[in-house]
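Input: a single structure, listed below in structure tokens.
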Amino acid sequence: MLAGDDMSRLRRVAPLSLILFAMIALGHALPTEFLHDAGPVIRDNDRVIGPTGWLEIWTTNYWGDRFYDGLYRPLTLTSYRIEHQLFGFADRASWYGATNLALHVIATLLLWRLAYALMPANRRSVGAWLAGAFFVVHPWATTVVPNLVGRADLLALVGVLMASLCWLRWLDGQAGQRRWLVVALLAWSAALFSKESAAVWPAMLLMIHLVRRDAWQRRHLQAGVAIILVGIMWWAVRSAVLMPIGDPMTNSISNPLVIESADVRVRTGMALMGSYLAQAMLPVHLSADYSYNQYPVVSHWNDGRWLAALGVVVALAWLLPWCLRRASHDGKVHGRIIAGGVIFFLLALLPVSNLLFTIGTIRADRIGYLPLIGLAIAVGSIGSLASKHSRRLVVGVAMVMLLVLTLRTAARAQVWTSGMRFWPAMVVDAPNSVKSNAAIANVWLNMNHPLLLGASLEPARYAWLTATEMPGDDFLFPWISYARALRSNGRSLEALTVLREAQQREDQPSRRRESWLRWQSAQQSNRPYGRVGLALEMGITQRDMGDTVGAVRSFERAVGMDDATGQATYEVARTYAQCGEDELATYWFNLVITRHPQRARFFAGYGRWANERSDYATAASMLSMAIDRGDFSAETYALLKQVYRDWLIETIANGDRVTARKIVERANRRDRIHSITLQSVGLD
């Protein structure tokens, strides 16, 4: 057994040792590129890199105009923007990774402090240290630390842990106890605005109260009301931003469960709960992608995956209450800590397991990062309890466990350091995923290397073969994606051949396609995104090849199928503009901005074309409206300023100084369009 001095020494060195573990496991593998979703979310996001954007971050969805999946994470985007203001972007992805690593360390230290507060007085240093060490080197950290968009998970976890520690301070009735409750609610609010998964904080409070068993007081009810009000406030703000946009786009590639029946979803959700628990304890296989068909849905009742998970749930339903009763009888808290940690893990996973409702993905390793703190505390409690009887055994088992986890994490983290490592690993980890195979084909094509081009054919071919079983129009995704990569490399004729073959396969019968059509009918939705995308890509390819007539026909076919996004109408306008049909181009540009008055990029495109025609009045008007609607790119601001200058020079050259002064007044009313004067262009 550890003596009192040893326990005190362990408590002092615990923070430094946990930081050291984090650096050994993850410090060597900071990313050098903006991989996966980090490109569109950080590097190419105008709200992050544009001249303005602080307010727009809080009034738009997570993906902005690129995509809408019902996510609202403004605090996460704000953190990226702050870093951009400090560091910029050129070859600076490692800065974002370093910040993620710092947040992971902070979360670990907060978890260590929370575990220390919950453990019984005897040997709490051992249990708290084991909990922190298990968490800091767990391989699930590689899904959020080197993965730059994992910032949302990190901020959410830090907020939840800070809120929990403040809640404990409030429970203990220390001086200024109301202050601690307010700080706890503020920390939870920050976590909610970082990622939606922070909504499980009440489950953490349940774990705390299972462990402590505080007597019921009136102030607990008042605090509960305050928690509900904060939750309602967050939901109201989120709804006010997202509801005007409309229903989120449903993608059966990322989550095939969106088209399945309720019984299939429940069975699959149960199997997923079991898979997360198994992976948390034995993190052998990790993947950045579980899209169709890497994790097949549980279609049959005799599927072993969900039956095994059901057996585990039944066992836990008997074991956890036994732990709670035994702990009460013996007057010890270890049983309650173990039971509470496991309960929190399961409750935190429940909303993201697809068991209750479908989410944006069927499975993702990063989803387990926040729930893992429950298991970490349970593991720490088991180690603390066991060390009372056999110190050497506990030390030996702990060292072996931490060594294995550290080596696995260190090896896995290297995958995220560069694209040359990440993309091949993505296919190796998810060989049955259409998205992974289509992605690697595009990467090799875009690198334009002869050997890699040849290597891209096999994954592309696999994507084609498996895509025929994909539901609805989503089966067209890999075809469109591959054709786009061919076209971007100047191989438009091959791209057109691929698109025509995809069009021929469009009507092939498929059980999943029929299921998707029934689901689409039930949703009263008629948005054939795949077919629209196919027609759009074919039109763009034909336009690049000089076949403007064929391009217009393809775009008009897309408009006829679905004009919910307006992209097809916009492409018709661009095509007519490119071939010099000014009247038709004007008609289609006006049509698209009338039908879609909130789409900034359509106004910006119209403005650029008008500027090319020296129609400065229209160009200035369209570019100004694009900025009003959220186009905050430096390019748009610079072009608008140049339009005003050219318009001013032309007007003065015509001798119309009255109009010139009106142009100056109009230009200087715009944000960041300043210093436009007659003197500035040397005309007064």
Side-chain angles (χ1 to χ4, degrees), residues 65-66 476 480 483-484 486-500 502-503 527-631 633 635-636 638-640 642-644 646-647 650:
D65 285 340
R66 291 178 176 272
L476 294 169
I480 298 170
R484 185 178 296 120
L486 286 169
R487 177 175 54 81
S488 66
N489 281 273
R491 300 164 66 173
S492 298
L493 185 59
E494 295 176 60
L496 193 59
T497 302
V498 169
L499 293 169
R500 285 172 177 166
Q503 199 168 35
R527 294 186 176 185
Y529 294 110
R531 281 178 286 162
V532 172
L534 179 63
L536 280 171
E537 186 60 33
M538 185 169 288
I540 294 172
T541 304
Q542 290 170 321
R543 185 173 63 196
D544 289 351
M545 297 176 65
D547 183 8
T548 55
V549 175
V552 169
R553 287 176 181 171
S554 296
F555 293 140
E556 289 180 342
R557 185 167 64 252
V559 172
M561 287 186 290
D562 172 41
D563 193 33
T565 64
Q567 185 64 35
T569 307
Y570 178 65
E571 294 297 343
V572 174
R574 289 186 60 195
T575 304
Y576 280 127
Q578 183 174 314
C579 64
E581 296 285 350
D582 292 350
E583 292 185 7
L584 289 171
T586 301
Y587 168 79
W588 285 92
F589 272 124
N590 286 325
L591 183 63
V592 72
I593 64 173
T594 301
R595 290 181 177 178
H596 307 279
Q598 298 303 319
R599 298 297 176 92
R601 56 194 175 93
F602 297 155
F603 287 89
Y606 192 179
R608 285 191 294 270
W609 175 68
N611 179 55
E612 292 172 2
R613 298 173 58 238
S614 299
D615 184 357
Y616 300 122
T618 302
S621 178
M622 292 299 109
L623 293 172
S624 296
M625 286 191 279
I627 293 173
D628 292 338
R629 286 155 177 78
D631 185 348
S633 63
E635 178 187 359
T636 300
L639 181 58
L640 179 56
Q642 186 61 45
V643 166
Y644 277 122
D646 293 343
W647 190 11
E650 181 184 87

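FYI, the numbering just counts along the sequence from 1.
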Item to check | Side-chain heavy-atom pair Met622, Phe602 within 4.5 angstrom cut-off | outcome: no
Checklist entry - Is the closest side-chain heavy-atom distance between Phe555 and Leu536 below 4.5 Å? => result yes
Using every non-hydrogen atom in the two residues, find where [X] and [Y] come nearest and quote the distance to one decimal.
X      : Y      : result
Val559 : Ala568 : CG2-CB, 3.4 Å
Ala610 : Ala619 : CB-N, 3.7 Å
Ala495 : Thr541 : CB-CG2, 4.2 Å
Ser554 : Gln542 : OG-OE1, 2.7 Å
Asp547 : Gly550 : OD1-N, 3.0 Å

Side-chain donor-acceptor pairs under 3.5 Å in residues 577-591, sequence neighbours left out?
| from | atom 1 | to | atom 2 | distance (Å) |
| --- | --- | --- | --- | --- |
| Thr586 | OG1 | Asp582 | O | 2.8 |
| Asn590 | OD1 | Tyr606 | OH | 3.2 |
| Asn590 | ND2 | Thr586 | O | 3.1 |

Next on the checklist: The test is side chain to side chain contact (heavy atoms under 4.5 Å, CB included); show your working for Met538 and Arg557 and say whether it passes.
Outcome noted: CA-CA 11 Å; Met538 185 169 288; Arg557 185 167 64 252; 4.0 Å; yes
Item to check | For Arg608, all residues meeting side-chain contact (heavy atoms from CB on, under 4.5 Å), sequence neighbours excluded | outcome: Tyr570, Ala604, Leu639
Item to check | Residues that Leu493 engages under side-chain contact (heavy atoms from CB on, under 4.5 Å), provided they are two or more places apart | outcome: Met545
Next on the checklist: Could you tell me if Gln567 and Arg599 have a donor-acceptor pair between their side chains, going purely by distance under 3.5 Å?
Outcome noted: no
Checklist entry - Would you call Arg574 and Glu571 a salt bridge, using N to O less than 4.0 angstrom? => result yes
Next on the checklist: Could you measure the distance from the CG atom of Leu623 to the OG1 atom of Thr618? Nearest 0.5 Å is fine.
Outcome noted: 10.5 Å
